[in-house]
Amino acid sequence: MPHNKNSNVVSENIVLVRSGKDYFSRLESIIHNSEYEIHIQVYLFENDATGNRIINALKEAASRQVKIYLILDGLGSFSFPLKIRNDLKQSGINFRFFAPLFSAYTFYLGRRLHQKIVVADSKVALIGGINIADKYHGTPTEKPWLDYAVQLNGEIAKPIQELCKAIFLKKRRLQSQKIKSVFHLQEDTLVRILQNDWLKRKNEISNGYIKSISNAKEEITIMGSYFLPGRRITQALKKAAKNKVRIRLILSGISDLPMTRRATCYLYSKLLSYDIELYEWNSSILHGKTAVIDSYWTTIGSFNLNNLSSYGSIETNVEINSPIFAQMYQAHLNQIIAQCQKITPQTLAINNTILAKFTNWISYYSTRIIEIIVTFTPYRRFYN
Ligand SMILES: O=P(O)(O)OC[C@H](O)CO
């Protein structure tokens, strides 16, 4: 397929998808075109206009005898109403929560189903950072939260569907197995499906980040919502910067979690001292978790660069090794950076009042303590 510079399609099998109408119109069309099986696994599904549109589309598919498996995280989707759950079940949709908060069997606050995956008929999948709610779609008065996904068409969707089924049906042995995850989509495009689930010894996304940052030669661009990297990733970034790799971080100027944002701000002086460039996105809430390195390696998914994603949650990313895809996405991120506010030592000196410094300090240490408590609280089984 010829590559158009302004297009988000570099191969008919792999498409960059943005939050907003782009993502949700694809999601609806995947559901409407499904023939026999759909899996949706998301952290957060809200009972709002966007959520209701997806529920209606699922009910319509169920009425055509399509088997539907919907699993939502018990914490992220805690408020998903009982009435709708019953309604879904009556329509023949298989529904369950992952790790409900009040379960007689397990209690492990940090291990959440944080991935955002949709897959249908083993032939089309959406994987990214986008949950199902108005804030990711946008409303007449509010822009969608900035985030991304990848649409994968063809044989690559098959192992993704198998993985989703294993999670829904609690087939633990299948979940622990490695899925077929490497696909040569075309001559110069290699795609990998990477998972993180520390409890099951899967660290593919965090290791992928560390390896790619360590091997970087020229340029690293990271979009990091809830950016609070652990020691290994911080060290890798520091070393890359020392090796004269240009590093640009796109971070939240406004966030739905102000304390986490303040905790990130606590790191600014240190990051600037490593010669890392910082850019804050202020046009909407930044929710993207993506990176491009050396115009070759791209990662897009649910994995935040923080310890909750590294050691707590179940995460899925798509890693794309392709110069064409990376150049296209890098060009897009350059446009985003052009709209950001650059943070420099000078701007920081003006804005970092004693009160701001204290707020950042307390937010950082409180967030780190909360992170440790929820991530490393032992996995307790209240049964045999
Ligand atoms: O956990 P994430 O990255 O899906 O983000 C969820 C939002 O913080 C919900 O407000």
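First listed ligand is number 1; within each ligand, the first listed atom is number 1. Every heavy atom of this structure was used, including side-chain atoms; hydrogens, water molecules and symmetry mates were not. When a residue number appears, it is its place in the shown sequence, counting from 1.
- The stretch residues 362-376 participates, sequence neighbours left out, in these salt bridge (charged side-chain N to carboxylate O under 4.0 Å, His left out) pairs: R368-E371.
- For the pair V150 and V15, the minimum side-chain heavy-atom distance is 4.5 Å or more.
- Note on ring orientation: taking the six-membered ring where Trp is involved, the planes of H287 and W145 are tilted (angle from 30° to 60°).
- Using a cutoff of 4.0 Å between basic side-chain nitrogens and carboxylate oxygens, D87 and K59 are scored as salt-bridged.
- The immediate protein surroundings of ligand 1, defined as residues with any heavy atom under 4.0 Å of it, consist of Y43, L44, H114, K116, N131, K135, Y136, W145, Y226, D256, H287, K289, N304.
- Ring centroid separation for the pair Y43 and F98 does not come in under the 6.0 Å cut-off.
- In summary, D73 and R112 engage in a salt bridge, as defined by a charged side-chain N under 4.0 Å from a carboxylate O.
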